Number of protein chains: 2
Amino acid sequence: MNVQASNLDNCIVAGNEGLREPIAVDLFKALADPSRAAILGSLASAGRPLRVSEVSTCCPQDLSVVSRHLATLREAGVVESERRGREVWYRLETGGLVRYLRDLADAFESCCPPTSSEDGKHGKK
Amino acid sequence: MNVQASNLDNCIVAGNEGLREPIAVDLFKALADPSRAAILGSLASAGRPLRVSEVSTCCPQDLSVVSRHLATLREAGVVESERRGREVWYRLETGGLVRYLRDLADAFESCCPPTSSEDGKHGKK
DNA sequence: ACAATGCTTGCATGAATGTGCAAGCGAGCA
DNA sequence: TGCTCGCTTGCACATTCATGCAAGCATTGT
């Protein structure tokens with residue numbers, strides 16, 4: 001996956017150096033779908049590679065739809081696939097994702113000092 | 001923002017306990033748009049609250065569009081707004097986001113042990 | 001060679017969403 | 001009371017995208 005920065009060239013507002021880490025729009029697009037979230041959860045629960053037909057039991061959609069979702073996740077760089085015979089095995093490959101999430105968290109934190117007024121967001125206290 | 005888990009009830013594949021942290025689909029939806037990414041970058045670069053009209057200089061879209069994007073980001077819990085006179089000031093409020101990103105990174109990491117075969121993903125080496 | 005299995009891809013369709021314009025609404029000003 | 005300013009909202013439209021079905025393709029088995 002190529003982390004693609006958004007265009008800020010027209011922006012006339014500038015203060016500090018901003019976000020050190022660009023927001024990976026395409027990565028977030030891949031994660032922003034309930035079916036794909038369920039697929040990732042399925043792969044995580046299994047704790048091992050799964051065939052497409054196994055993954056497809058996690059959601060009511062057609063197997064072809066699941067196949068396409070897996071391709072999307074592969075292009076986003078969060079799963080990898082390997083063909084063995086006539087089966088294709090998918091497995092999580094979240095090393096890059098984990099690094100990116102932490103880098104982005106660091107970037108937001110260092111750029112925007114936490115204020116006291118916020119609590120209970122995102123299901124965490 | 002309410003972190004909403006995806007439905008995994010139909011899934012017949014189970015191994016370990018899976019992801020401890022649900023994938024926040026709605027949050028990722030909010031981040032998965034180039035205009036909104038630019039808006040966040042603009043707020044980050046400024047390092048201070050901005051009025052809507054200031055934010056709108058970051059992207060070519062109409063001010064009304066930017067206003068709607070800011071509302072979306074507010075509902076996602078990553079910015080907050082405050083009306084002062086006839087102006088509305090928006091500021092980043094990323095404490096919850098930062099916590100969630102780290103929790104999700106931890107969840108992926110503890111659930112899916114890193115493999116050696118992956119490198120150079122997400123723009124990081 | 002032929003058929004079956006497992007997955008992917010083409011195509012059509014409906015739903016969701018980003019966008020611009022115009023109107024509306026609240027706050028300050030004359 | 002009007003008027004302007006700053007922002008939000010209603011509406012229409014175009015694009016994106018998720019989905020299902022059917023066909024295609026690669027691999028294996030007979």
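Just the heavy atoms: all of them, side chains too, but no hydrogens, waters or symmetry mates, feed the values below. Every value quoted in this text rests on a predicted model; they were computed, and no experiment measured them. A note on names: the letters A, B, ... follow the listed sequences, proteins ahead of strands, and every chain is numbered from 1.
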*Is there side-chain contact between A:Leu50 and A:Ser42, with at least one heavy-atom pair below 4.5 Å?*
yes

_C:dT8 phosphate, OP1 or OP2, under 4.0 Å from A:Tyr90 side-chain N/O_ = yes

*asked:* Output the rounded distance in Å from CG (B:Leu63) to C1' (C:dG20).
replied: 12 Å

*Check every atom of C:dT8, C:dT17, C:dC7 against the side chain of A:Ser53 and return the nucleotide holding the closest atom.*
C:dC7

*With a 4.0 Å cut-off on heavy atoms, is A:Val52 in touch with a base, just the backbone sugar-phosphate, or nothing at all?*
sugar-phosphate

*Would you mind classifying the nucleic acid contact of A:Val88 as base, sugar-phosphate or nothing, using non-hydrogen atoms under 4.0 angstrom?*
sugar-phosphate

*Taking CD from B:Gln61 and P from C:dT17, how many angstroms apart are they, rounded to a whole number?*
17 Å

*Under a 4.5 Å side-chain heavy-atom rule over Ile, Leu, Val, Met, Phe, Trp and Tyr, are B:Leu63 and B:Val65 clustered together?*
no

*Along DNA chain D, 5' to 3', what are the outermost nucleotides having an atom less than 4.0 Å from a heavy atom of chain B?*
D:dT4 to D:dC11

*Within this structure, what is the CZ-to-C1' distance between B:Arg84 and C:dG26, rounded to whole angstrom?*
17 Å

*For B:Arg68 and A:Ser64, take the nucleotide of DNA chain C holding the closest heavy atom to each; which residue's nucleotide lies nearer the 5' end?*
A:Ser64

*Quick one: does A:Leu40's side chain get under 4.5 Å of A:Leu31's, heavy atoms only?*
yes

*Do B:Arg68 and B:Gln61 have side chains that get closer than 4.5 Å, going by heavy atoms?*
no

*Pick one: which of A:Arg74, A:Glu80, A:Glu54 meets side chain to side chain donor-acceptor pair (under 3.5 Å) with A:Tyr90?*
A:Arg74

_Counting only side-chain nitrogens and oxygens, does B:Arg36 get under 4.0 Å of the OP1 or OP2 atom of C:dG18?_
yes

*Residue B:His69, side-chain heavy atoms: nucleotide from C:dT19, C:dT8, C:dG20 that is nearest*: C:dT19

*Of A:Arg83 and A:Ala32, the one whose closest DNA chain D nucleotide lies more 5'*: A:Ala32

*When rounded to the nearest 0.5 angstrom, what distance separates CG in A:Leu19 from CG in A:Asp103?*
12.0 Å

*Name the orientation class of the two ring planes belonging to B:Phe28 and B:Tyr100 (parallel below 30°, tilted from 30 to 60°, perpendicular beyond 60°).*
tilted

_Euclidean distance, atom CG of residue B:Leu70 to atom P of C:dG18 [Å, nearest integer]_ = 13 Å

